[in-house]
Amino acid sequence: MSYYDKVYALVRQIPPGRAATYGQLALMTGSPRASRAVGYAMAACTDSAIPCHRVMARDGVIREHAFGPGVQRAMLEAEGVPFTPDGRVDLARCRWDGR
DNA sequence: GTTCTGACGCGGC
DNA sequence: GGCCGCGCCAGAA
């Protein structure tokens with residue numbers, strides 16, 4: 001059980017239509033400052049069972065991932081995740097509370 | 001064991 | 001309000 005597995009386990013618990021930030025997941029893993037490590041774990045995510053598209057920066061900005069550019073946003077929209085006009089995820093409404 | 005890098009976060013200018 | 005720099009943790013070389 002590496003740190004990655006811990007992060008993945010949390011990400012898999014994110015319900016459809018919800019989104020979480022790297023810092024939030026880092027906080028749940030027990031290392032509030034490990035946001036970078038969390039992001040790195042997501043970057044290495046190749047398992048389709050892990051909804052890594054529901055994880056983004058604190059600002060709601062989505063970075064391109066291994067699945068392809070633009071795919072992440074499409075998947076989120078398909079799940080009903082609200083987006084702001086400037087192309088960011090509206091974390092104010094779909095932010096996952098961790099439960 | 002040491003060093004560098006990275007899907008980040010926050011404070012300061 | 002936007003841009004720059006430093007610090008954080010974990011993994012790979």
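The chains referred to below are lettered A, B, ... by the order of the sequence lines, with proteins before strands, and numbering in each begins at 1. Here the structure is a predicted model, which is why all the values come from computation and not from measurement.
A:Leu91 is listed as a side-chain neighbour of A:Met56, based on a closest heavy-atom distance under 4.5 Å. Between A:Arg54 and A:Glu79, some side-chain heavy-atom pair lies under the 4.5 Å cut-off. Looking at A:Val71 and A:Glu64, their side chains never come closer than 4.5 Å, going by heavy atoms from C-beta outward.
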Acceptor/donor pairs from residues 25-36 of chain A side chains to any protein atom, 3.5 angstrom cut, sequence neighbours excluded:
| residue | atom | partner | partner atom | Å |
| --- | --- | --- | --- | --- |
| A:Thr29 | OG1 | A:Tyr3 | OH | 2.6 |
| A:Thr29 | OG1 | A:Leu25 | O | 3.4 |
| A:Thr29 | OG1 | A:Ala26 | O | 2.6 |

Determine all donor-acceptor pairs shorter than 3.5 Å in which one atom belongs to a side chain in residues 8-18 of chain A; sequence neighbours excluded.
| residue | atom | partner | partner atom | Å |
| --- | --- | --- | --- | --- |
| A:Tyr8 | OH | A:Ala41 | O | 2.8 |
| A:Gln13 | NE2 | A:Ala9 | O | 3.2 |

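Residues of residues 92-99 of chain A that place a heavy atom closer than 4.0 Å to DNA chain B do not occur. Near DNA chain B, defined here as any heavy-atom distance below 4.0 Å, the residues from residues 2-28 of chain A are A:Tyr22, A:Gly23, listed numerically.
Of all nucleotides in DNA chain B having an atom under 4.0 Å from a heavy atom of chain A, the first and last in 5' to 3' order are B:dG6 to B:dC10.
Within the nucleic acid shown, A:Cys45 has no heavy atom closer than 4.0 Å to any nucleic acid atom. Residue-level contact check: A:Ala43 touches the bases, meaning some heavy atom is under 4.0 Å from a base atom.
In this structure, the side chain of A:Asp86 does not engage the main chain of A:Arg88 through any donor-acceptor pair within 3.5 Å. In this structure, A:Asp47 contributes its side chain and A:Ala49 its backbone to a donor-acceptor pair below 3.5 Å. Between the side chain of A:Gln24 and the main chain of A:Trp96, a donor-acceptor pair closer than 3.5 Å is present.
Atom CE in A:Met42 sits about 13 Å away from atom P in C:dG11, given to the nearest Å.
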Set out, line by line, the N/O atom pairs under 3.5 Å between protein and nucleotides 1-8 of chain C.
| residue | atom | partner | partner atom | Å |
| --- | --- | --- | --- | --- |
| C:dG7 | O6 | A:Arg36 | NH1 | 2.5 |
| C:dG7 | N1 | A:Arg36 | NH1 | 3.2 |

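A pairwise comparison of heavy atoms in A:Tyr4 and A:Ala44 identifies CE2-CB, 4.0 Å as the closest pair. Across all their heavy atoms, A:Met42 and A:Val7 have their closest contact at CE-CG1, 3.8 Å.
More than 12 heavy atoms of other residues, nucleotides or ligands lie within 6.0 Å of CZ in A:Arg73, so this atom counts as buried by the packing criterion.
Taking NE2 from A:His53 and CD1 from A:Ile62, the interatomic distance works out to 9.5 Å, rounded to the nearest 0.5 Å. With rounding to the nearest 0.5 angstrom, the SG atom of A:Cys94 is 8.0 Å from the CZ atom of A:Phe83.
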